[in-house]
Every structure is written in structure tokens, then in C-alpha cells.
A.B. asks: 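Right, I'll just put the structure down here and ask away after.
These numbers were taken from a predicted model, which means no experiment stands behind them.
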Amino acid sequence: LDGSESRVAHTTIHSSYNTGVHVENSNNVTLTNLVVHETIGQSIDVLGSDFVTITGCLAMTALRRSDSERYNTALWEQIANYRVCPFRRCAHVEMHNNVAGGSSHFGFFTQDDAAGHCASSAASSFSGNMAHSSRAGLVVMEATDCIGITDFQVYKTVEVGIWVERPVSSVTLRGIVASDNYVGVNINPVGNMRKTVLITDSVFVGESGYSGCGGVTGDQQCSGDALSGCNSYTGTISRIGIMASTFVLGRKQFPRTSKTFVYFLGTMSDTSFEGAGVTITDVVFKNWAGLDTCGRSRFAVATNPTSPSTVPVHRFSNITWTDVAVEAKLYIHDPDPRWRNSEDCGVAQDCTGLENAVMKDVDGSFVGGGASQILVSNNDRAVGTSAGCTLMSAWNAYTCPAASNFDLLMFESMDADRLTRNLHPVIITSHASDGFSDYYNNLNSQMDTRWDQGYTSLKRLSRYPAVVQKGRHYNISYTSTNPRTSRFALRDDTDGVGIIVTIRFTDPSVLEVSVQGQVVTQNTTRMVTLEDDHGANYYKADTRELSFVLKGTGSLIYKTLDSVMASASLSVTPEAFYAAGTQDFMDQVSFSLGIPSFRIRVVSVIAGSVIVDFAIVSTVNKTVDETVGTTNNTAEVVESQLELVSLQSTL
């Protein structure tokens, strides 16, 4: 060697009372063709080291130090065949053609760089690896922007084959072969940025010819006494190939706070507002029977029954089914009735995230029959009345023709009290018209996922997912006073059809609509239509209703402006008033009051003697940071409101 690299190669290490191979704060290290068997702790351990290559190694049977060691210590939880920089990123880590077999916890416990950072092709830094017979095959703990995993085989894991729940904008799984796992893949990107998940060129096997449990008897298998590769869960589901993703704001605590089976599958966090969706294409599902020998269900694709969070839009294409029972293709869970209590979702209503899931069969290969389909939760009053939709009881979902144009609407309060003031139930309605049936959707706020010294915080985020049909006009009603500021977005509007949303306010208001930070001028002469652009809006002063067009996937925000209202009678016709332009009127009022004209808003023009209702808006309006909920400078807000009081006296 030239002195710039250290290498360990062609070596066997076995029956060690400590870690097999440990690399720490050492750069330019290559580990190749090693066999590490039966260690107390990690088989191969890399910490704080850059430019590390691990290739062609076999690591088997990584054990915990003693049965008396506390299960919730970081030491015990981190046991893996390969622990590679899980908590501090190491640069330029390569892992190729390695095998992990048998671990108390993980096969590969690593970070994004070691797990194929941003890989979009076979040129990943994590490729050709295999994991089996452990609690989890691959767990990615730290990530920066994106993760790419290629050509990874995982089988006979007790809990999950591949698990990612980290702050990333994209996750790509390519060339995955997952077989005989309790859950094959569970990907939950964290954060309030737009996120995408792609699963492609992969195979998910429910039960292979080698999925037996050795000497384990059928009674043990059905009681949950068996471990890897067997039906170790005593619930009603024994295997899931792809567990539907959830896009959340917070990640699971590590190490575990309790020794709970499938602990990492539960995503007890608020749903993130942003999220582009999940694409599953060129995937084969093989050998998925409807029930196992213990009478428990197996599903190729299913939502997460332990998570109340919103399910982003999943898109399927070029799906191949081999020996798969129809009832085993899909299951969309209902909300767990145990969540209906004062500490979680409230006593009066279920959390409604799982009741508003949308999945799209782009080319008909998922449902079968060759025609594009849309799969929607069993939400009968919102979906069941739609023409062409059929309830598939085995899937707990409706199958609808592509022309039904279902999409996922996300909206939320952006007020500072959005965690403490209850707006629910929030009712969305749409009357039958133009071939559409009546629509009714009753929405609940997010689950209380926060803790305050061992007790739930009694804080629930006012953020709502709703399944809607594009091309319709919807009315949204809040049980409480409307939020002063709200944000709206469609999650999968690729055809630009859009919807119209109308919200009625209890008080006269000056409302400002913006799209991607740009204010959209309010239409003062007519109601908006679906032919208008995204963000087009109209305020009907006599009924106090704001209507706006929602298209594409860019967020729309309406904001209630602090203002004073006034009226002026003019001896002109409405036509002459608009011919002269509203700017001329605003300039005259501006000159009279000695304020800038941009602060004056024409609210309505009433025919007759022509009464112009107008408003003067505050110089500072309350705003809220969409991530942390902080308002702007309180002193500035107070000063601006005092100025409004003075103007009102003048008027």
C-alpha cells in the first residue's frame, strides 16, 4: 500500500466477546472479504470515518451483551451486523455485495450516504447487499436530502425489511427483492418540504418456498413464539409487502422508550402539509395468499394500521401479479377505534386521515382489466355515491373509474392558536349537479401526538386531508370561528382541472389570496369558474363568502387583513365607476386621508346611487410561521391597530 489507505481483507473473526471489527475516526479504510460470526455487539462497526469501503463481507449472529442488559439503552438498540455511521454522517462510504445474517436488531444500521445517497441508478454507493433473519434488514437513521437504495435483498425479518423515517426530500428503492418479511418496506419521509418516494424494478414475495420455521410447531407459529421468517405477530395481519407511506413532521425516538413490537412502524406525529406522493412502478408481487395457516391476513399493499397520519397519493403502474389472491392485493384500514378518546382523537369522532386515502392505478395493472382506476377509502358519503364507484369489501376501499377524478385536498389553519383552538368537526359539502352526486365529508383535527411531563398535551393540529373530486364546487364550514389565515393545496392535480372552494365568514372581512407568495388580485365583478387560473378569487360581500379556484399543486393561502370598513355614495353608474377604474377611486380616498392608495381595497359596488364599500387595511398584519407557529412583532401590530382606530374616527 502507498500509506494513504488501511485495509483488512480475507479474514475470519468468530466467537468474539466484543465487536468483530471496529473502525473509528480513521479515514481511507477498506474492509473486504471478511467473515465475522457470533459477536457480542456489532459484527462490523464504523464510526466517524470518511472514505470507507465495505465489500464482499459476511456478518452473522450479532448478539446483545447479556439478557440482563436494559433493552432501552442505546447500546442494546444499536446492535447490528453492520453499524455504519448511524448518527454522524461519514462522507464517501461504499457498501457493496455484503451479507448480514442474524442480529438481535438490525442487519444494516446506517446513514444516507452509506445507504446510497441520492442514487437514481445502479451506480449507488449501497448496492448488491443482503440482509435476513433480524428485527429489521436496513434502518437509515441520519439523512440530509435524499436516499437511494439499489439491488438489496431482504428476507425473514421479524419487523420490517427496509425502514426509513428521516428528514429527506426523496427516497428511491430500485432492484429490491423482499420475501417472507412481516413488513417488506415502510418509508416515511420527515419534514415540511415536498417529498417523493419511488419504488421500482422490485419484487415482493409473500411466502417463498423457504419460509418455514424450522423446528417451530404450528402452535408456536400461531401463538407468536416464533421469530424471524415466521408469523411472529399475534394480531390479525401476518405480512405486508409495501406498507403505504406517511409524510410526517416528527420522527420516532431512538432508542425505543418501550420494548414494543413493530415500534418503528407507528408514526405518531403530525402529518406534514407538503408531499408530492409515492410512485410504485415496474413491481412484481408474488405468492400472496389471502390468509396464512393461522387465519391471519396477508396484503401485498396496505396502509399502516398503527398510524393516524394522512396517506399521500400513491400511484401504481406496470404491476405484475403472480399467484396473488384478489383479496390480498390491497387493504386500506379504518381508523383504530381505540384512538377515540380524550387523549388522542377526541371522544366524539375518529381521526379521519385513513378515511381520506387516494391511490391511483395509472394503467389498470393494479386492479386488473386494463382500465385506469382510482382506489379510495371506504368513505361512503364522500365516495360511495359517486357514479361508477364500487365498494371492494375485501380491500375496504372503493374502486372508481379514472374519470371520477378523485384527488387529495390538504388544508389547514395557519393561526398562532392552531394547536389549541378546536375547529373540528369541519364539514365539506357539495350538492349534486352536472352528473355529480351529493358529497359530505366530516373531518377531524390531527391526533394529539405531543407530551407534557408524561401526559398528553391536549394540543391537536388543525390540518385536514379530504378526498375530493376535481371539477366540483365545495363548501367548507368550521364548527368554530373560521381561521384568519388558511392554506390549501391539491396533492396530485396533474391535469389542471381543479376545484372551487367557498367559505362563509361570520363578520365582514378583507381577505387577501396569494399563491406561492404572490398576491392574486380579487375579482370584484363576477363569481369565479373552473376555467379561471389557480388562485382566482371572489368575495361576495352580502353573504360574506370567499370563493377561490384551486389547481395544480402549488399552495394557496388566504389571509384576513386587519382593517376598518367604510362606504361612499357616488353619483355615477356602476359601469362608469368600473370604466374609470377602481384605482381612481382609491387615489381620491388616499389623498383625502393622507395614506398610501395600496392600503385601500374596494369590497363591493352596489347599484342604485352607487354605494362603494371599501376598506383600509393595516400597515402590519399578523402572520404565522408555518413551521413553528410564531407571530410577527407584537408592538408593530398594536401600533398599526391604534392607527386604524384613529382612521375610523376620521371617517
Side-chain angles (χ1 to χ4, degrees), residues 246 270-271 273 303 305 307-313 332-359 374-386 389 391 396-398 400 404 406-413 415 418-433 436-449 459-470 472-483 486-491 499-506 545 550:
T246 53
D270 293 326
T271 298
F273 187 86
T303 56
S307 173
S309 299
T310 304
V311 178
V313 176
I332 298 179
H333 291 87
D334 289 325
D336 191 328
R338 292 173 296 181
W339 296 336
R340 187 182 283 199
N341 61 72
S342 59
E343 295 184 346
D344 292 324
C345 299
V347 297
Q349 188 178 6
D350 289 318
C351 284
T352 50
L354 286 170
E355 294 178 352
N356 290 274
V358 178
M359 299 184 179
I374 301 179
L375 310 167
V376 192
S377 299
N378 185 3
N379 189 337
D380 57 337
R381 297 183 69 181
V383 182
T385 58
S386 300
C389 292
L391 178 63
N396 195 36
Y398 282 93
C400 303
S404 63
F406 279 102
D407 200 350
L408 183 65
L409 168 67
M410 290 288 294
F411 64 102
E412 65 173 345
S413 167
D415 292 349
R418 59 184 179 165
L419 287 171
T420 55
R421 185 166 72 90
N422 292 335
L423 303 177
H424 58 269
V426 179
I427 309 299
I428 306 183
T429 58
S430 183
H431 299 300
S433 63
F436 292 113
S437 304
D438 282 333
Y439 170 100
Y440 178 90
N441 205 345
N442 188 340
L443 304 177
N444 197 355
S445 298
Q446 300 284 298
M447 177 187 279
D448 181 358
T449 60
K459 293 181 179 180
R460 299 175 56 198
L461 182 62
S462 297
R463 180 173 288 167
Y464 309 95
V467 54
V468 295
Q469 279 182 283
K470 290 182 291 185
R472 299 192 67 168
H473 186 159
Y474 293 92
N475 296 283
I476 298 180
S477 303
Y478 297 91
T479 300
S480 180
T481 304
N482 295 0
S486 282
R487 178 166 58 160
F488 297 77
L490 289 172
R491 276 290 146 253
I499 62 174
I500 295 174
V501 174
T502 293
I503 304 170
R504 175 173 291 181
F505 292 79
T506 56
E545 291 178 331
L550 199 60

A.B. asks: Could you work out, with side chain to side chain contact (heavy atoms under 4.5 Å, CB included) as the rule, every residue matching T310, not counting sequence neighbours?
C.D. replies: T271, L408, M410, Q446, P465
A.B. asks: Which atom pair, heavy atoms only, marks the closest approach of M447 to C351?
C.D. replies: CB-SG, 3.8 Å
A.B. asks: Listed by chain and number, what are the ring-ring contact (aromatic ring centres under 6.0 Å, His included) partners of H424, not counting sequence neighbours?
C.D. replies: none
A.B. asks: Would a 4.5 Å heavy-atom cut-off, applied to side chains only, mark T479 and V426 as touching?
C.D. replies: no
A.B. asks: Hey, what do you get for CD (E412) to CG (D270), rounding to the nearest 0.5 Å?
C.D. replies: 10.0 Å
A.B. asks: Pick one: which of F411, Y464, Y474 meets ring pair (Phe, Tyr, Trp, His ring centres under 6.0 Å) with F488?
C.D. replies: F411
A.B. asks: Would you say S386 and Q469 are linked by a side-chain donor-acceptor pair, where the criterion is simply a distance under 3.5 Å?
C.D. replies: yes
A.B. asks: Show the nearest heavy-atom pair for residues C400 and V383, with the distance to one decimal.
C.D. replies: SG-CG1, 4.0 Å
A.B. asks: Take I503 and N482 through the side chain to side chain contact (heavy atoms under 4.5 Å, CB included) test and state the conclusion after the steps.
C.D. replies: CA-CA 9 Å; I503 304 170; N482 295 0; 3.4 Å; yes
A.B. asks: When rounded to the nearest 0.5 angstrom, what distance separates CG in L550 from CD1 in I500?
C.D. replies: 10.5 Å
A.B. asks: Run R460 and R421 through side chain to side chain contact (heavy atoms under 4.5 Å, CB included) and show every step you take.
C.D. replies: CA-CA 8 Å; R460 299 175 56 198; R421 185 166 72 90; over 6 Å; no
A.B. asks: Working to the nearest 0.5 angstrom, can you tell me the gap between D407 CG and I499 CD1?
C.D. replies: 8.0 Å
A.B. asks: Between OG of S413 and CZ of R487, what distance do you get to the nearest 0.5 Å?
C.D. replies: 11.0 Å
A.B. asks: Which atom pair, heavy atoms only, marks the closest approach of Q349 to T352?
C.D. replies: NE2-CG2, 4.0 Å
A.B. asks: What are the two closest heavy atoms between L409 and I428, and how far apart are they?
C.D. replies: CD2-CD1, 4.5 Å
A.B. asks: Taking side-chain hydrogen bond (donor to acceptor under 3.5 Å, both in side chains) as the test, write out the residues that go with T502, two or more places apart.
C.D. replies: H473, S547
A.B. asks: Among all residues two or more places apart in sequence or in another chain, which pass the side-chain hydrogen bond (donor to acceptor under 3.5 Å, both in side chains) test with Y439?
C.D. replies: N441
A.B. asks: For side chain to side chain contact (heavy atoms under 4.5 Å, CB included), just list the numbers for N378 and L391, CA-CA rounded to whole Å, side-chain angles, deciding distance to a tenth of an Å, and then say yes or no.
C.D. replies: CA-CA 7 Å; N378 185 3; L391 178 63; 3.8 Å; yes
A.B. asks: Tell me if a side-chain donor or acceptor on N341 pairs with a main-chain N or O of R338 at a distance below 3.5 Å.
C.D. replies: yes
A.B. asks: Quick one: do the R418 and S462 side chains pair a donor with an acceptor below 3.5 Å?
C.D. replies: no
A.B. asks: Among residues at least two apart in sequence or on other chains, which ones pass side chain to side chain contact (heavy atoms under 4.5 Å, CB included) with D334?
C.D. replies: N396
A.B. asks: I need the full list of salt bridge (Lys or Arg N to Asp or Glu O under 4.0 Å) pairs touching residues 342-353, with sequence neighbours left out, sorted by first then second residue.
C.D. replies: R340-D350
A.B. asks: What I'd like to find out is whether the side chain of D380 reaches to under 4.5 Å of the side chain of Y398, using heavy atoms alone.
C.D. replies: yes
A.B. asks: Measuring from atom CG of D448 to atom OG of S342, what distance do you get when rounded to the nearest 0.5 angstrom?
C.D. replies: 9.5 Å
A.B. asks: Working note: V468 + F406, criterion side chain to side chain contact (heavy atoms under 4.5 Å, CB included); need CA distance, chi angles, decisive distance, verdict.
C.D. replies: CA-CA 5 Å; V468 295; F406 279 102; over 6 Å; no
A.B. asks: Mark yes or no: R504 above the aromatic ring of Y478, with NZ or CZ under 6.0 Å from the six-membered ring centre and no more than 45 degrees from the axis.
C.D. replies: no
A.B. asks: For the CG atom of L461 and the CG atom of L419, what is their distance to the nearest 0.5 Å?
C.D. replies: 5.5 Å
A.B. asks: Quick one: does any side-chain atom of D438 pair with a main-chain N or O of A432 as donor and acceptor, under 3.5 Å?
C.D. replies: yes
A.B. asks: Give me the atom names and distance for the closest heavy-atom approach of L354 to S377.
C.D. replies: O-OG, 2.8 Å
A.B. asks: Any idea which heavy atoms bring V311 and A357 closest together, and the distance?
C.D. replies: CB-CB, 4.1 Å
